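Below is one structure, written out as C-alpha cells, with a few remarks after it.
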There are 2 protein chains.
Amino acid sequence: MGDITIKELAQKLGVSISTISKALSNSHEISAATREKVLAGVRKYKYTPNPNASSLRKKRSNTIAVIIPEVADSFFSQALKGIESIAQNVDYHVLIYLTYESFYKERMILNEIKSGRVDGVLMSISSETSNSHHITALRDRNIPIVFFDRVLEETETAKVVTDDFESSFKATEHLLERGCKHIAYLSTSRHLSINNDRRNGYLEALVKHNIDPSKHTVVQCSNHPEYNLGMVRKLLQQEERPDGIIASIEKLTSSIYDVCKELNISIPGQLKVITFSNLDIASILSPSLTTITQPAFEIGRTAAAILLKALQKKKLAIRNERIVIPSVLVKRGSTN
Amino acid sequence: MGDITIKELAQKLGVSISTISKALSNSHEISAATREKVLAGVRKYKYTPNPNASSLRKKRSNTIAVIIPEVADSFFSQALKGIESIAQNVDYHVLIYLTYESFYKERMILNEIKSGRVDGVLMSISSETSNSHHITALRDRNIPIVFFDRVLEETETAKVVTDDFESSFKATEHLLERGCKHIAYLSTSRHLSINNDRRNGYLEALVKHNIDPSKHTVVQCSNHPEYNLGMVRKLLQQEERPDGIIASIEKLTSSIYDVCKELNISIPGQLKVITFSNLDIASILSPSLTTITQPAFEIGRTAAAILLKALQKKKLAIRNERIVIPSVLVKRGSTN
DNA sequence: GGAAACTACGAAAACGTTTTCTTAGTATTT
DNA sequence: AAATACTAAGAAAACGTTTTCGTAGTTTCC
C-alpha cells in the first residue's frame, strides 16, 4: 500500500483534482456537500498531500531550520524544546543543524538551506563567527532569520536575548557583598556579543565599587575542555589567586570544582563561584552552585513565535527589535 | 536576488536543461568540456537545485526524522548529536520531533511524516507506547525505521540498544558487595522494554545472591516530577527503608538527594545510590554519583549509520538485528 | 427580460527538477 | 559502402500538487 495521489483519489470520488485541492483548503468555491464527500474520501483512502509537490507549487515548505553550536548543553537543549513546542502547534517542521562552534560549518549549513528547503531560520551563532556575509546571502533569498541568545548585532532582524550585562553586574555585586576582594571572570569567545556584555557587566560592577584595576581578571577560555582546565588550574595556582569566580560557560563548572578539590581550595570558604548555567541539578552539587539561570525555554519559544508569526503574513518583514528576557540569579551554597 | 532556476541557467549558458542536470549528476552522457562549462556557470550564478522539485521527481527527500520523547536530557541530547554528526557527513537533513512521552503525539507525528517528507525514521518510543499500529503504517509506505534505546520489540527492524539487563545486574551486585541488604529499584514506565530489562537484571541479581524476596522493592515512577518526589519520600520514610537504590531515570537523582537531605539520611553511609545517567557533572555532586553511563553518542551514531546506509542502497531492507553497545558502571562516592 | 453578478466546478498551466526518449553526427564493423 | 554502434546533446514527459482561468447554470439587478 503506497501513497494515494490526489489524481487517484479524484478518480475514485468522481470529482476533479482541483475540487479536492480546493476542498482541502476550505475554498469558498466548493459547496458544503462536495466538501463533505471529499473529506470522507480523504479519510477513507488515507490521503495526505505530498509535501514536496505542495511546497514546490506553493513556494513554501512549512519548515524552519534551527542552527546552534551544540545540543548536549542545558541551555540549547531547553531552547530547542521551546522552539519545537511552538512549531508543533502551528504545524511547522523543524530541521536541526549543529555547527560545533565552527564558522566554516555554519557557512556550509546556511548555504545548504538557502534554496527553498526552509521558510525561515532560528540561529545562535558559533563562537567563531565574526562577519555576516553568509547571513546576508540568506536574506537576499528572502529567508528571514531570528537570532536568539548568541546574536549577530550588525544584522537587522529580531534578536531574543537575556540581560547578560545586568546579570553579570548583579552576580559581581553579589560576590562583592559576600566579601570577595578579587573576582575573576572566565570568558568565552571574544567574538560573541553576549560574552562582551557579560564581561562589561562584571567590569562595570568592579568599577562602581572601586575595586583596584589590578584585581580585574579576565581569563580567556576556549572550546577545548583540556585547555580550559589548564587555564583554571593556572588561575587558582597563582600567588594572588582570586577569591571569587564568575564563569561564563556552563562546562567550566566541573573544571572549577575539580581543580578546587585537587588544590584543596574550599568552596565557598576560600573561593566563591557563580556560573551561567541551566542545569537543574546545580542545587545538589557539593556545595550547591549559585547560578545565573537563563530562561532558555522561554527564549526558544519567543524566538520561534516571532519567526512563525512573521511567516504567516503575506509581506514578511521582521522588525529590527531586541527582546530581552531576564535571567535570574539563584543564590546557593557556592557563594555562601 | 532570488534563486536562479535551472532553466535560467540553461539560457545563460546556451545549453539545455537536461544537459545541466546530467552534468551535475556526473552523467557519462556529458563531455568533459561541457561539464566544465556547466560547473563554471553553476559557480558563477550560484545555482543550487530546488530541493522540493528534486525530491518530488526523485521520490527521495534526503531527510530523516528523529522522534524522541524529550531533548532536555543528557542521554537524548547526546544521542541526537551522534545522529546529526553522521547525517551531516552524508548530506542528509534531520527533522526533530518531540513526543513529550505522549503516545498520542507520537502517532500524530508519524502520521504527519509518512507521505514523502522523510526517507527514514530514527526513533525512541514514548513511555506510553504500547502497540505498533502507527509504526506499521509507516512501513507500509516503505519508510524504514531504526529504533534506538527505547525500542518496540515486536517490530522487525534494526534496534540499537545498550545492555540494560547486564548493567542493572552489575549495579545490583556492586551494591550488594558494598554491603547493601535491601535494595530498591526505581522504575520508569512498564511499557518500556528497557525498563523491564533493567528491572529483571536487578531482580535476577537479588535472586542469585539469595536476597529475601521481602527485600525486593520496585517503585513505579511516572513522568511527573512531583509524583516521583512523593514516591521517593514515601520510600525513604518507611520503617524498613532500603539501604541501596538503583534509579532508572536520570531525573530522579535530584529527588533522591533532596529527600535524603530533608530526612537527614547520609549518602553513602545510610543509603547508597546508583543512577542511569549521562550527566558529566555526576562527578562533582555531593557526594559524587555512581552512574551507569550509557554510550549515548555512540548509540545515536550507530542507529543513524544503519539507517543511512540502508537508504543508499536500491533495495532497502533493514535487517532485524539487535546491536548492543555496553554501558559502563562508573563507581563514585555515592556507593562508597 | 436582458445584462450583470454569482456559484460551483473542471481544464489546464505552472512550480523546478530528473529521467526517458529522440536525434544528429561520428566511429566501427562487415 | 552500407549497416551498425556509439557519443553527446536536446525535447519532452513525468513527479503531485496549487492556482489561474474558463464556463455552464443560477441568481440578482434595473
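Throughout, protein chains are lettered first and strands after them, A, B, ... in sequence-line order, and every chain is numbered starting at 1. All values reported here derive from a predicted model rather than from experimental measurement.
Between A/Asn50 and B/Thr19, it is B/Thr19 whose nearest contact on DNA chain D lies nearer the 5' terminus. Between A/Arg57 and B/Ile20, the residue whose closest nucleotide on DNA chain D is further toward the 5' end is B/Ile20.
Phosphate proximity of C/dG16 to A/Lys59: present, with a side-chain N or O under 4.0 Å from OP1 or OP2. Applying the 4.0 Å criterion to OP1 and OP2 of D/dT17, one finds that A/Ser54 has every side-chain N and O outside that range. Put simply, A/Ser31 has no side-chain N or O that comes within less than 4.0 Å of OP1 or OP2 on C/dT7. Considering only side-chain N and O atoms, B/Thr34 lies under 4.0 angstrom from the phosphate OP1 or OP2 of D/dA9.
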Fill in: Trace of the side-chain hydrogen bond (donor to acceptor under 3.5 Å, both in side chains) decision for B/Tyr100 with B/Asn223
CA-CA 9 Å; B/Tyr100 299 91; B/Asn223 297 324; over 6 Å; no
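Considering only side-chain atoms of A/Val15, the nucleotide from C/dT18, C/dG16, C/dG10 that sits closest is C/dG10. Checked against C/dC15, D/dA9, D/dT18, the side chain of B/Glu29 finds its nearest nucleotide in D/dA9. Comparing D/dG10, C/dT17, C/dG10 by their closest approach to the side chain of B/Ser16 singles out D/dG10. Between D/dT17, D/dT18, C/dG16, one nucleotide has an atom nearer to the side chain of A/Lys58 than all others, and that is D/dT18.
Rounded to whole angstrom, the span from the CG atom of A/Asp3 across to the P atom of D/dG16 amounts to 8 Å. Per the geometry, OH belonging to A/Tyr47 stands 10 Å off P belonging to D/dG16, to the nearest Å. If you measure from atom NE2 of B/His28 to atom C1' of C/dT20, you get 13 Å, rounded to the nearest angstrom. At whole-Å resolution of the value, CG in A/Leu13 and C1' in C/dC9 are 14 Å apart. One interatomic measurement links the two molecules: CZ of A/Arg117 to P of C/dC15, which rounds to 21 Å at whole-angstrom precision. With rounding to whole Å, A/Lys22 atom NZ is found 14 Å from C/dA12 atom P. Going from atom CD1 of A/Ile6 over to atom C1' of D/dC15 covers 14 Å, rounded to whole Å. Rounding to whole angstrom units, CD1 of residue B/Ile30 and C1' of C/dT20 are separated by 14 Å.
Residue A/Ser21 is classed as a base contact, given a heavy-atom separation below 4.0 Å to a base. Counting non-hydrogen atoms under 4.0 angstrom, B/Ser18 reaches a base of the nucleic acid. Base engagement by A/Leu56 is indicated by at least one non-hydrogen atom pair under 4.0 Å involving a base atom.
Residues B/Glu70 and A/Lys81 are paired through a salt bridge, judged by an N-O separation under 4.0 Å between the basic side chain and the carboxylate. Between A/Arg319 and A/Glu156, none of the side-chain N atoms (NZ, or NE/NH1/NH2) sits under 4.0 Å from a carboxylate O, so this pair counts as no salt bridge.
Side-chain polar atoms of A/Gln294 and A/Thr162 form no donor-acceptor pair below 3.5 angstrom.
Ring-centre distance between B/His191 and B/Phe103: not below the 6.0 Å cut-off. Two rings, from A/Tyr97 and B/His93, have their centers less than 6.0 Å apart.
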